[in-house]
Each structure stands twice: as structure tokens, then as C-alpha cells.
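Written out below as C-alpha cells is the structure these notes cover.
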There are 2 protein chains.
Amino acid sequence: MDKPSSPSRRITIVDVARHAQVSTTAVSKVLRNAYGVSPTMQTKVRQAIAELGYRPNAAARGMRGQTYTIGVMLPNIINPFFAQILDGLTDQLGGTDYQVLLGPGCNGEAEEARVTHAMIDRSMDGMILIAPISARKHLESVASTVPTVVVGRHGHSPTYDTVADDDLTGGALVVNHLADLGHQRIAHIEHHETDPDRLAEMPNAIRAAGYRHAMQARGLADHIDIASTTYTQEGGYLGAQQLLARPTRPTAIFAGADIVAMGVLDAIAEAGLRVPEDISVAGYDNTTFAAFRPISLTSVDQAGYQIGAHAARLLLDRIAARGRPTAQIKLSPTLVPRRSTAPPR
Amino acid sequence: MDKPSSPSRRITIVDVARHAQVSTTAVSKVLRNAYGVSPTMQTKVRQAIAELGYRPNAAARGMRGQTYTIGVMLPNIINPFFAQILDGLTDQLGGTDYQVLLGPGCNGEAEEARVTHAMIDRSMDGMILIAPISARKHLESVASTVPTVVVGRHGHSPTYDTVADDDLTGGALVVNHLADLGHQRIAHIEHHETDPDRLAEMPNAIRAAGYRHAMQARGLADHIDIASTTYTQEGGYLGAQQLLARPTRPTAIFAGADIVAMGVLDAIAEAGLRVPEDISVAGYDNTTFAAFRPISLTSVDQAGYQIGAHAARLLLDRIAARGRPTAQIKLSPTLVPRRSTAPPR
DNA sequence: ATGAAAGCGCTAACAT
DNA sequence: ATGTTAGCGCTTTCAT
């Protein structure tokens with residue numbers, strides 16, 4: 001009979017080894033599905049583990065090998081798009097021994113640095129950074145310490161993999177949809193950006209570029225009209241107010257995100273106008289809110305689930321082979337037309 | 001000049017000690033603000049830490065002492081109410097050395113067990129379980145291993161603290177508001193629950209009880225009418241369809257959650273009825289969606305931020321004094337009347 | 001007030 | 001195929 005020295009002491013690998021009458025090495029190997037264990041050994045050890053209800057101490061494992069933990073940093077937890085990414089991620093990681101832990105509330109570079117550091121301190125085996133706003137340099141530094149995949153940010157790096165939607169195409173999808181309906185005065189509300197790093201890499205900036213390019217391609221260059229605010233409901237509200245006050249009002253507004261579209265709809269209602277009769281509105285992200293029938297907002301679906309799944313796969317790859325060249329995966333968004341867009345009068 | 005043996009080796013406490021010409025014990029004490037360090041020592045060590053950019057290895061700390069990590073388990077990340085709780089939590093923990101990590105995607109008991117185990121394996125210093133659905137027994141077992149606070153679940157335990165809104169009052173707030181407006185046929189859509197544990201402890205069940213009690217108190221016992229579905233948009237849609245098909249249609253529907261109200265509004269629009277002219281609708285949670293002006297949904301605000309702040313404080317208390325008796329904090333929700341409720345015709 | 005040294009639970013060389 | 005053993009980077013007695 002194995003008698004633990006203290007009644008509530010946690011079972012360790014030594015207890016298991018003793019119980020199974022084998023060495024701790026053997027137990028460790030079974031735990032890690034390592035090479036060189038006989039079937040007999042397997043069974044003996046697994047049975048001892050089950051009988052004792054043993055669970056490995058992650059801190060101790062972390063000191064020598066892996067922690068079997070993947071850190072996911074995301075800017076906020078309310079955006080449903082992030083939830084989709086997370087679903088793809090966890091489904092992909094479901095069969096593995098890895099556990100996902102989220103670093104919450106990262107708005108601002110300081111917060112992001114805090115979370116990434118915290119994750120590195122905790123010896124995460126890999127990290128997935130979702131829509132980070134930090135300087136490239138910081139991302140590179142993180143990625144040079146731990147296998148990293150950056151999601152929802154363009155630009156390619158020699159140290160980290162990236163997965164993102166093709167926002168250039170996404171912006172064009174909306175413009176073409178509206179132009180096909182017959183609109184010419186198509187305005188856009190963007191998230192204001194000045195930092196050159198981010199202008200080249202952040203989805204919001206690329207979406208705005210997609211809008212511009214598509215407007216030009218459709219011969220509507222003269223109608224390019226951008227309100228530069230923020231990707232918030234408030235930003236949408238203020239942006240729409242600006243646009244509605246123009247001498248010649250736009251007949252359609254392309255909001256850079258669904259949350260922005262919420263503010264736009266708000267301002268339009270306040271101005272006594274109707275959607276889509278007086279003005280068409282399109283968003284981006286295809287959130288639950290957009291699908292909500294009384295709203296029925298035309299939006300762009302970003303394939304969040306696939307993004308998450310790809311990111312997980314890339315990360316596992318990179319953990320297995322840290323040296324391999326980086327990959328950049330770009331997924332195609334799709335337009336989901338709904339009742340908020342219609343031909344102009 | 002201190003020369004690290006390997007170029008990219010992480011700085012350890014030994015490096016710091018050598019650099020500052022003191023013992024590792026001294027460094028450790030400074031790190032933990034422990035007793036018995038002279039001001040001189042403080043400065044020397046802090047300077048060495050800064051110069052070397054040292055950060056403690058959490059895994060190593062976890063083997064002997066604390067990990068300075070708090071695990072937060074939450075059912076899903078899309079509910080804005082949870083985001084508020086999280087804000088309160090992180091703000092409260094902001095000044096401390098603790099880092100919050102979230103366990104995502106816990107729908108179902110199996111998932112919850114997986115996450116709580118993972119957190120225990122990783123030697124979290126404390127855990128906050130938000131709206132868990134697991135059996136009491138499991139919660140108790142977690143709490144007996146690591147300091148734990150349970151949020152958004154009623155019932156009191158000798159091993160864990162609880163923080164929750166007073167859902168009984170919340171349900172009554174809505175009924176009284178509608179009754180004051182002159183409604184009698186006030187129906188409710190609840191989340192179906194049969195497990196006796198959960199009937200007594202889950203907020204959804206308590207809300208339904210609050211509805212029943214308040215209806216009786218207002219002399220409207222004969223008008224009690226409950227559709228039992230789920231707390232989802234789909235559930236709201238189906239529940240509303242049931243209610244609208246009644247021989248005498250209710251004049252007001254109290255949805256147990258805002259997300260449910262979304263489905264209700266959907267079904268009502270589909271039936272060609274108007275809100276609030278034909279039927280009043282109230283939700284619960286006061287989400288962004290409810291505040292959105294074109295919707296303007298009467299709802300109950302749960303003081304999520306305060307819940308989070310209280311939970312954090314209780315947890316820190318418990319970490320400091322594991323033996324102290326448990327506390328049950330109950331916060332009062334408030335009604336936020338909006339345009340979706342009006343007197344019946 | 002300060003430091004030397006033991007050891008937390010595990011993994012990885014290195015025997016055998 | 002299996003076991004022995006030396007650490008990983010900290011915290012914590014226990015000396016001084």
C-alpha cells in the first residue's frame with residue numbers, strides 16, 4: 001500500500017513510478033508518448049496513473065521541457081469575430097495535449113507588451129497574437145523568443161507566420177456590390193491611422209485602400225469620400241454625421257466594421273432617413289448583429305473559423321520545426337448581401 | 001562584465017545576483033517584497049534587475065511558491081456582460097503582481113472540468129469561475145484545491161466565495177415595470193432547467209422564480225405564462241412563436257436575456273406586429289445591443305463591473321487567508337427602461 | 001540583514 | 001527497453 005506522506009499532497013511522478021514499480025523515466029516517457037516503451041510498460045504505467053488520478057505538474061514540466069500551453073492574445077473579448085477565430089483554434093487543438101489560455105484586455109501597446117511578457121514568463125510553448133497593434137519590432141522580438149503566429153495583420157516577417165483575410169479584396173467586394181446596384185456616391189468610414197507600420201499592415205488601413213482602389217477601378221475616383229474616425233459605434237455615429245452634412249449626401253456608406261455600422265444606422269435614423277430607401281449601408285465582419293433580421297446589414301464575412309484553424313496548424317508546425325521558413329496565409333472574404341443595401345432612388 | 005554562457009539564454013536570478021554582487025536569496029526577497037532587506041540592498045538589486053532586463057521565470061516560481069497567475073473561466077467570450085465582469089476584475093488586479101489568464105470555450109460540464117483541471121495543473125494562485133454549470137461537487141473540489149470565487153451563481157458554499165446579482169429582484173423589477181405600465185398578460189421566456197442543483201443556483205432559474213413571485217405579488221398569478229426554451233437567439237425566436245400563438249396573446253414578453261430578446265423581436269417583426277405598440281419586450285443584461293438606439297430595449301443592468309471588482313477583492317483576500325469563512329456578495333440590479341416597453345393599448 | 005544550500009517535480013543525458 | 005542521475009530557476013529553512 002502506498003502511503004502518501006501528507007494526506008492532501010498532490011500525486012507526483014514518483015508516486016506513480018512506485019505504484020507501477022517502474023522508474024520515473026518510464027512514467028515520463030509514457031506521458032510524452034516518447035520513444036522506447038514496451039506495450040507492457042505502457043499499460044502498467046497508464047493503469048497506475050488512472051488509479052492514482054495523477055496529473056502532471058505543468059510548472060515542473062515547464063522547467064525542463066514543454067508546458068503544453070498556448071497563449072492567445074486578443075484585443076478584446078466582445079467582438080464575435082474573435083470568438084469565431086477562437087472556435088477554429090480550439091477545435092484544431094482539441095485532439096492535442098495543448099491547452100489554450102487567453103490573455104485578456106489588451107488595448108494599447110503597453111497592455112500588449114504586458115500580456116506577451118506574461119506569456120513568455122510562463123513558458124508558453126507557442127503564442128497566437130490576434131490583431132495586435134504593437135510595433136513590428138515588438139512582434140519580432142516576441143517571435144524570436146517563442147513560436148508565434150500573428151493573425152489579422154498583414155505584412156510578412158522572417159520570424160512569425162501570419163494568417164489574415166484579404167482585406168483589399170474585402171473592401172473591393174463592398175464597393176463593387178454597391179456600384180453594381182447603381183451607386184456612385186459611395187462613402188467610407190475608416191479607422192484613422194497615421195503610423196506607417198500600421199498603415200501597411202493593419203486590416204482597417206488595407207480595407208480603406210481596397211475601397212480607394214475599387215472606386216478608381218470603377219471610374220468613381222471623383223466620388224471617393226472618406227470620414228476618418230475610429231472603429232467604434234461612436235466613431236460610426238460621428239463619421240455618418242459628417243457624411244450626411246455634405247453638400248451632396250452620399251447614397252451609400254461603407255462602414256469599416258459592423259460595430260461602426262451600428263453607429264451609422266443610429267445617425268441615419270436620427271436624421272430621419274431610412275435604410276435602404278434613402279441611403280444604403282454596408283458593414284464588415286458579418287457579426288450576429290448584422291444577421292439580426294430587423295437590422296439585416298450587408299456585411300463581409302471574414303472566415304474567422306478558418307483563420308483560427310489555420311493559425312493553430314501553423315503554430316503546431318512551427319513548434320515542431322522552429323527553423324522552417326515562415327508562411328503567410330491569406331483567406332478570401334465573402335460578401336453577404338442583406339436588406340440594408342439597395343439601388344439608389 | 002558578466003558573460004552569459006549562451007548568447008540567447010534567458011537572464012536568471014543567478015545573473016542578477018552576480019551582477020549586483022549579492023546572493024540569490026537577496027534577489028528573491030526583493031522580488032517578493034519580503035521581510036529583511038536593507039534599502040541599500042533594495043536599490044542595488046533593483047538596479048541590476050533593470051540593467052539586465054531580468055524577468056522571473058514563472059514556472060520556476062510555481063515550483064516553490066506562487067505563480068502570480070489567476071485563472072478565470074468563462075462560458076463564452078461573446079456575452080458583453082462577461083466583458084464587463086472582466087473589466088472590473090482586471091482593473092482591481094491592475095495594481096497587483098497578478099496576471100489574469102482566461103480559460104476559453106467552456107460550454108458543458110466536460111469542458112469546464114478540462115479547463116479547471118488545466119488551471120490547477122498550472123498552479124494558478126487562485127481561480128474565478130464565471131457562471132459555471134458544473135455540479136456543486138466539482139466546484140467544491142476545485143475550491144478545496146485552490147482559492148476560488150464563483151461568480152454569477154447562487155447558493156453558498158463553505159469552500160468558495162460567491163458574487164452574484166440578485167436575480168430574484170431582477171425578475172421582479174421587470175414584472176413591476178410592466179405591471180406599472182398597465183400590463184397584465186406578461187409572459188416570460190426562460191432557459192429550461194431540470195437539474196435540482198441548478199434550479200436552486202443558476203441565475204436563469206432564479207430570474208424565472210423572480211418573475212413568478214412578482215406576478216403573484218401583483219395579483220397576476222392567473223396570467224403567469226412561461227415558454228421554456230434556451231438562452232439563445234434561436235430560443236427567443238421559438239419561445240416568442242409559442243407565445244404569439246396563444247389564444248389570448250400576451251401584451252408583454254420578458255425575455256430572460258438580451259440575446260433571447262433579439263430572437264423575440266425577430267419573431268414579432270415576422271408576425272407583422274410592432275414593438276411597443278402591439279407588444280412590449282424587455283430583456284436582461286443591458287448589453288450594447290439593448291442600448292443601440294434603433295432597438296432601444298428595456299433591460300436589467302447587472303452591474304458586471306462591480307461583480308468583477310468584488311470577485312477580485314474576495315479572491316485576493318482568500319489567497320491571503322485561505323481559512324477565513326466564505327462570503328456571499330449579492331448586488332442589486334437596476335432596471336433601464338427604454339422604448340421597447342410602453343402601456344398596452 | 002545577509003548568504004549557503006536543499007529541494008520542488010519533472011525531463012533528458014547517459015548508463016546498463 | 002529500462003533505470004540512474006543531474007539539473008532547470010526559483011523559494012525557503014537555517015546558519016551566520
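Each chain gets a letter, A, B and so on, in the order its sequence line appears, and its residues count up from 1.
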**Study point:** Stretch residues 23-38 of chain A: residues that reach within less than 4.0 Å of DNA chain D through a heavy atom
**Key:**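 Of all residues in residues 23-38 of chain A, the ones placing a heavy atom under 4.0 Å from DNA chain D are A:S23, A:T25, A:A26, A:K29, A:G36, A:V37, A:S38.
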Check your understanding: Which parts of residues 41-49 of chain B get close to DNA chain D, meaning a heavy atom less than 4.0 angstrom away?
Key ->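 Within residues 41-49 of chain B, no residue comes under 4.0 Å of DNA chain D.
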Answer yes if the side chains of [X] and [Y] hold a donor-acceptor pair under 3.5 Å, and no otherwise.
X: B:Q42; Y: B:T40; result: no
X: A:T159; Y: A:E140; result: yes
X: A:E112; Y: A:S134; result: yes
X: B:T69; Y: A:R122; result: yes
X: A:D91; Y: A:Y305; result: yes

Check your understanding: chain B on DNA chain D: first and last contacting nucleotide, 5' to 3', under 4.0 Å to a heavy atom?
Key ->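 It runs D:dG9 to D:dT12.
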Exercise for review: Looking at every strand, decide which applies to B:V14 at a 4.0 Å heavy-atom threshold: base, sugar-phosphate, or nothing.
Suggested key: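 No contact.
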[X] [atom1] to [N] [atom2], straight-line distance once rounded to whole Å:
X: A:R18; N: C:dC10; atom1: CZ; atom2: C1'; answer: 16 Å
X: A:D15; N: C:dC8; atom1: CG; atom2: P; answer: 12 Å
X: B:Q66; N: C:dC8; atom1: CD; atom2: P; answer: 19 Å
X: A:R61; N: C:dG9; atom1: CZ; atom2: C1'; answer: 11 Å
X: B:R122; N: C:dG9; atom1: CZ; atom2: P; answer: 17 Å
X: B:I13; N: C:dA5; atom1: CD1; atom2: P; answer: 16 Å

Check your understanding: Are any of the side-chain heavy atoms of A:H117 and A:V142 separated by less than 4.5 Å?
Key ->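 No. Closest side-chain heavy atoms not under 4.5 Å.
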Exercise for review: Please tell me if the side chains of B:R313 and B:Q92 come closer than 4.5 Å, counting only heavy atoms from C-beta onward.
Suggested key: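 The answer is yes; the side chains approach within 4.5 Å.
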Review point. Side chain of B:R64, base of C:dG7: donor and acceptor closer than 3.5 Å?
Key: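 Such a pair exists between side chain and base.
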Exercise for review: Describe, as an angle rounded to 10 degrees, how the axis at the first end of the helix from C:dA1-D:dT16 to C:dT16-D:dA1 is tilted relative to the axis at the last end, five pairs per end.
Suggested key: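 For the helix from C:dA1-D:dT16 to C:dT16-D:dA1, the axes at opposite ends meet at about 30°.
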Point to revise | salt bridge (charged side-chain N to carboxylate O under 4.0 Å, His left out) involving A:R318 - partner list, sequence neighbours excluded | key: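 By the salt bridge (charged side-chain N to carboxylate O under 4.0 Å, His left out) rule, A:R318 matches A:D161.
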Exercise for review: Using the side-chain hydrogen bond (donor to acceptor under 3.5 Å, both in side chains) rule, pick out the option among B:H154, B:R136, B:H156 that qualifies with B:E201.
Suggested key: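 In the set B:H154, B:R136, B:H156, the residue that makes a side-chain hydrogen bond (donor to acceptor under 3.5 Å, both in side chains) with B:E201 is B:R136.
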Check your understanding: Where is the tightest heavy-atom contact between B:A135 and B:E109, given as atom of each residue plus distance?
Key ->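 Between these two residues, the closest heavy atoms are N-OE1, 3.3 Å.
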Check your understanding: Considering all heavy atoms of both residues, which atom of A:I130 and which atom of A:P75 are nearest to each other, and what is their separation?
Key ->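 Scanning both residues completely, I find the closest heavy atoms to be O-CD, 3.3 Å.
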Give the table of side-chain donor-acceptor pairs shorter than 3.5 Å for residues 95-103 of chain A, with sequence neighbours excluded, one pair per line with atom names and distance.
unit_1 : atom_1 : unit_2 : atom_2 : d
A:T96  : OG1    : A:L93  : O      : 2.8
A:T96  : OG1    : A:Y98  : N      : 3.1
A:Y98  : OH     : A:Q66  : OE1    : 3.3

Practice item. Mind running salt bridge (charged side-chain N to carboxylate O under 4.0 Å, His left out) on B:D15 and B:R9 for me, showing each step along the way? Key: CA-CA 11 Å; B:D15 300 317; B:R9 213 191 82 253; 2.6 Å; yes
Check your understanding: Using 4.0 Å as the upper bound for N to carboxylate O, is an ion pair formed by A:D121 and A:R114?
Key ->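 Salt bridge flag = no for A:D121 with A:R114.
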Practice item. Would you mind telling me which residue lines up with the more 5' stretch of DNA chain C, B:T40 or B:M63, judged by nearest nucleotide? Key: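 Taking each residue's closest nucleotide, the earlier one in sequence belongs to B:T40.
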